[in-house]
Structure formats: C-alpha cells, structure tokens
Amino acid sequence: MSSSKSHEEIWSEWRDLVNMAPQELEDWLDTEESKSVGDNDGEESTGHASGRRIVKIKRTNKDDISDDQWDHMGKVVGYIKRHLSQGGPEKDKESSNWRYSLMNWGHDPLA
C-alpha cells in the first residue's frame with residue numbers, strides 16, 4: 001500500500017471528509033458544472049473520474065474494499081485536506097470552481 005496510514009485511519013478520515021451520498025455524487029457528476037472543472041484535455045478530468053470511483057467505493061462493503069480502492073481512498077482524503085486548507089474564495093463559494101472541484105472528489109464544503 002502506498003499510504004503510510006492504516007486502513008482504519010483512512011476509513012475514519014474518509015467517513016469524515018467524503019460527505020456526499022453515492023446518489024448525490026452521481027447526480028452531481030451528471031451536471032455541466034461538475035464537468036467544467038479540473039485538469040481536462042478533452043477527456044474526463046481526474047476529479048470527475050475520481051468521483052465515479054468514489055461512488056463505487058461508497059457502495060462497497062468495508063470488508064470487500066480492494067487494495068487499489070484503499071489506495072484511492074487515501075488519495076481522496078489527501079486531496080480533500082489539501083483543497084480545504086486553501087480556504088476557497090472569499091465570495092461566491094457556492095458556485096466556485098473550488099467547491100465544484102471538491103464535490104467531484106465527494107466533499108461538499110457547504111454541506
């Protein structure tokens with residue numbers, strides 16, 4: 001495993017930080033706003049692809065999570081923490097790229 005954290009540490013942080021329900025995240029990923037942010041070279045952005053993986057993980061029983069999924073969960077937790085530490089824009093947080101990007105990673109900072 002690439003993370004130095006245990007599965008229990010990742011699980012605890014994941015449960016705290018990934019605050020969007022699977023259906024809520026799926027509905028979000030279908031929006032133009034979701035597709036408008038992130039590194040995009042004409043293909044799906046990293047965050048958008050991550051969001052689809054997060055939906056699958058959230059629908060997987062903890063005991064059935066694969067090593068690859070645990071690694072991705074660690075990446076998600078790290079991304080959300082880094083992004084939150086930036087604090088987001090002073091104004092118009094609700095419709096900001098900062099929020100949209102976080103939501104692609106399963107975290108709504110306004111929830």
Side-chain angles (χ1 to χ4, degrees):
M1 189 162 104
S2 60
S3 174
S4 59
K5 295 181 180 179
S6 72
H7 285 182
E8 285 309 313
E9 288 172 304
I10 292 170
W11 182 255
S12 175
E13 290 180 322
W14 167 270
R15 296 212 30 198
D16 288 343
L17 294 169
V18 181
N19 64 0
M20 294 175 74
Q23 189 62 55
E24 181 184 18
L25 182 51
E26 271 185 331
D27 291 346
W28 164 251
L29 292 171
D30 283 339
T31 68
E32 287 307 311
E33 291 86 354
S34 167
K35 296 170 186 167
S36 72
V37 293
D39 57 348
N40 194 323
D41 55 3
E43 299 291 320
E44 183 178 36
S45 73
T46 303
H48 200 272
S50 174
R52 289 186 303 100
R53 289 186 72 185
I54 290 165
V55 169
K56 285 184 183 154
I57 293 168
K58 287 199 78 146
R59 290 188 169 141
T60 302
N61 289 327
K62 182 181 177 189
D63 292 341
D64 297 329
I65 294 173
S66 70
D67 287 343
D68 184 54
Q69 288 175 317
W70 280 111
D71 285 347
H72 190 67
M73 289 167 69
K75 284 181 195 158
V76 169
V77 164
Y79 178 86
I80 293 171
K81 284 180 162 183
R82 282 190 309 278
H83 216 62
L84 285 175
S85 73
Q86 297 168 5
E90 291 289 318
K91 298 178 187 171
D92 201 23
K93 263 186 189 169
E94 189 170 342
S95 59
S96 66
N97 285 348
W98 175 79
R99 178 179 181 227
Y100 292 169
S101 186
L102 273 166
M103 288 174 70
N104 279 354
W105 289 80
H107 178 84
D108 184 349
L110 303 183

Hey, does Lys81 have a side-chain heavy atom less than 4.5 Å from the side chain of Glu13? yes
If only atom types and distance count, is the side chain of Asp39 paired as donor or acceptor with the main-chain N or O of Thr46 below 3.5 Å? yes
Residue pairs involving residues 19-32 (criterion salt bridge (Lys or Arg N to Asp or Glu O under 4.0 Å); sequence neighbours excluded): Glu26-Arg59
Of all pairs that satisfy ring-ring contact (aromatic ring centres under 6.0 Å, His included), the ones with a partner from residues 30-56, not counting sequence neighbours: none
Sequence-distant partners of Ser36, side chain to side chain donor-acceptor pair (under 3.5 Å), two or more places apart: none
Residues forming a ring pair (Phe, Tyr, Trp, His ring centres under 6.0 Å) with Tyr100, sequence neighbours excluded: Trp28
Any sub-3.5 Å donor-acceptor pair from His107's side-chain atoms to Leu17's backbone N or O? yes
Does Arg15 have any side-chain contact (heavy atoms from CB on, under 4.5 Å) partners at least two apart in sequence or in another chain, and if so, which? Trp11
List, one per line, each side-chain donor-acceptor pair under 3.5 Å for residues 89-96, sequence neighbours excluded.
unit_1 : atom_1 : unit_2 : atom_2 : d
Asp92  : OD1    : Ser95  : OG     : 2.8
Asp92  : OD2    : Ser95  : OG     : 2.9
Lys93  : NZ     : Gly87  : O      : 3.1
Ser96  : OG     : Lys93  : O      : 2.8
Ser96  : OG     : Arg99  : N      : 3.1

Evaluate the side-chain proximity of Ile80 to Trp14: yes if any heavy-atom separation is below 4.5 Å, no if none is. no
For Leu25, does its backbone N or O pair with a side-chain atom of Lys58 as donor and acceptor, under 3.5 Å? no
Holding to side-chain contact (heavy atoms from CB on, under 4.5 Å), I want the full list of residues that pass it with Glu9, two or more places apart in sequence or in another chain. Lys5, Ser6
Shortest non-hydrogen contact from Leu102 to Pro109? CD1-CG, 3.9 Å
Sequence neighbours left out, what pairs pass salt bridge (Lys or Arg N to Asp or Glu O under 4.0 Å) with at least one residue falling in residues 43-54? Glu44-Arg52, Arg53-Asp68
Side-chain heavy atoms of Trp98 within contact of Leu84, under 4.5 Å: yes
Where do Gly47 and Trp105 come nearest, in terms of heavy atoms and distance? CA-NE1, 3.2 Å
Spacing of CG belonging to Asn97 relative to CG belonging to Asn104, to within rounding of 0.5 Å: 10.0 Å
Residues in side chain to side chain donor-acceptor pair (under 3.5 Å) contact with Asn19, at least two apart in sequence or another chain: none
From Met73 atom CE to Ile57 atom CD1, the distance as rounded to the nearest 0.5 Å: 6.0 Å
Sequence-distant partners of Lys56, side-chain contact (heavy atoms from CB on, under 4.5 Å), two or more places apart: none
State which residues pass side chain to side chain donor-acceptor pair (under 3.5 Å) with Asp64; sequence neighbours excluded, sorted by chain then number. none
Point-to-point distance, once rounded to the nearest 0.5 Å, from NE2 of His72 to OG of Ser50: 3.0 Å
